[in-house]
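Quick caveat: nothing in here was measured; it's all calculated off a predicted structure. Computed from heavy atoms alone, side chains included, the values below leave out hydrogens, waters and symmetry copies.
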Amino acid sequence: MALLALFVVCTSCAQDKRPIQGETEFQKELNAEYKDASKSPLKDKDRKNFKGLDFFKFDSTYVVTANFKRTPNEKTFKMKTTTDHRPIYVKYGELSFSLKGEAFKLNIYQNQGLIETEGFEDYLFLPFLDETNGLESYGGGRYLDARIPKGNTMQIDFNKAYNPYCAYNDKYSCPIVPRKNYLKTRVEAGVKAFNKG
């Protein structure tokens with residue numbers, strides 16, 4: 001009987017500590033990060049009621065292999081952000097790929113300040129806009145993280161597209177997606193717009 005009581009106590013504890021939601025590893029990791037007060041971009045009031053971000057359903061159609069063309073002679077530039085902060089970026093390359101039978105091209109960038117940070121020497125930044133912005137997804141576009149590939153192809157997984165921190169909290173300074181990175185199609189993958197309860 002004592003064992004049963006213990007089991008009941010433990011299962012009720014487990015119910016209080018809700019499991020992290022998400023159908024993929026990426027979704028679970030992102031939800032865990034947003035739930036964690038030390039890492040979360042959410043405002044305190046939004047984090048208290050946070051159960052998990054909304055995602056489009058995982059769709060393998062949105063995992064594409066792109067041709068990666070390096071653009072070594074690009075000049076650095078100050079990328080516009082949602083504040084007066086202007087981080088220095090350089091266009092690192094061009095990605096050409098086909099999505100649902102249509103051909104697209106995106107520019108991929110490198111943050112010149114970030115490459116000084118250990119672990120980010122080969123980090124690349126892929127911001128994009130698409131036709132779901134302002135409807136199901138955040139109006140300002142979404143971001144993807146990448147690493148410099150060894151060869152001339154790169155896998156892009158749009159299921160891992162995430163919102164700028166500004167979508168959750170206006171205290172952040174977020175790069176504004178360059179217009180050249182507008183995809184004239186609906187990218188029904190990745191994080192959806194944030195519903196502030």
Side-chain angles (χ1 to χ4, degrees), residues 26 29-30 33-34 39-42 53 55-56 62-99 102-134 137-187 189-194:
F26 168 75
E29 280 171 19
L30 207 58
E33 190 180 304
Y34 281 45
K39 299 177 188 169
S40 181
L42 298 174
L53 296 167
F55 294 90
F56 287 99
Y62 290 103
V63 183
V64 298
T65 300
N67 285 324
F68 177 68
K69 181 183 155 204
R70 286 166 176 76
T71 52
N73 302 317
E74 295 285 337
K75 287 185 170 64
T76 58
F77 68 97
K78 292 179 179 177
M79 190 173 277
K80 286 182 181 170
T81 69
T82 51
T83 64
D84 293 335
H85 180 58
R86 295 282 183 272
I88 306 294
Y89 277 82
V90 69
K91 177 181 157 188
Y92 193 88
E94 293 172 355
L95 296 165
S96 306
F97 58 95
S98 109
L99 189 58
E102 283 187 78
F104 295 101
K105 188 157 84 171
L106 287 171
N107 292 335
I108 193 162
Y109 303 92
Q110 188 177 50
N111 181 321
Q112 298 301 281
L114 196 59
I115 54 175
E116 307 297 323
T117 308
E118 194 178 335
F120 286 92
E121 301 88 348
D122 65 343
Y123 173 82
L124 296 177
F125 176 57
L126 184 59
F128 70 95
L129 296 155
D130 75 276
E131 306 248 301
T132 66
N133 297 156
S137 70
Y138 177 59
R142 291 175 291 166
Y143 301 162
L144 283 163
D145 298 328
R147 299 280 176 181
I148 297 170
K150 288 186 169 61
N152 57 2
T153 60
M154 180 191 279
Q155 190 185 75
I156 308 172
D157 184 353
F158 287 102
N159 294 286
K160 293 182 177 177
Y162 62 93
N163 291 330
Y165 276 6
C166 305
Y168 310 100
N169 195 328
D170 45 19
K171 76 172 186 181
Y172 291 101
S173 177
C174 303
I176 292 169
V177 181
R179 286 300 307 170
K180 283 190 172 155
N181 272 19
Y182 169 62
L183 298 173
K184 198 168 169 40
T185 187
R186 287 174 56 79
V187 177
V191 178
K192 290 186 175 183
F194 182 57

When rounded to the nearest 0.5 angstrom, what distance separates [atom1] in [X] from [atom2] in [Y]?
X      : Y      : atom1 : atom2 : result
Lys105 : Glu94  : NZ    : CD    : 4.0 Å
Ile115 : Phe120 : CD1   : CZ    : 12.5 Å
Tyr62  : Ile156 : OH    : CD1   : 13.5 Å
Ile88  : Asn111 : CD1   : CG    : 9.0 Å
Phe56  : Phe158 : CZ    : CZ    : 12.5 Å
Phe128 : Asn133 : CZ    : CG    : 7.5 Å

Report yes if some heavy atom in the side chain of [X] is under 4.5 Å from a heavy atom in the side chain of [Y]; otherwise report no.
X      : Y      : answer
Arg86  : Met79  : no
Tyr123 : Thr117 : no
Lys69  : Asn152 : no
Tyr143 : Val177 : yes
Tyr172 : Pro164 : no

Which heavy atom of [X] sits nearest a heavy atom of [Y], and at what distance?
X      : Y      : value
Phe68  : Pro149 : CD2-CG, 3.4 Å
Thr132 : Arg142 : OG1-NH2, 3.7 Å
Ile108 : Ala146 : CD1-CB, 3.9 Å

For the rings on Tyr138 and Phe194, is their centre-to-centre separation under 6.0 Å? no
Tell me which donor-acceptor pairs under 3.5 Å the side chains of residues 178-187 have, and how far apart each pair is, sequence neighbours excluded?
from	atom 1	to	atom 2	distance (Å)
Asn181	OD1	Asn107	N	2.9
Asn181	ND2	Asn107	O	2.8
Asn181	ND2	Pro127	O	2.7
Tyr182	OH	Glu131	OE2	2.2
Arg186	NE	Glu188	OE2	2.9
Arg186	NH1	Glu136	OE1	3.4
Arg186	NH2	Glu136	OE1	3.4
Arg186	NH2	Glu136	OE2	2.4
Arg186	NH2	Glu188	OE2	2.9

In Val64, Ile148, Asn67, Leu95, the residue satisfying side-chain contact (heavy atoms from CB on, under 4.5 Å) with Met154 is Leu95
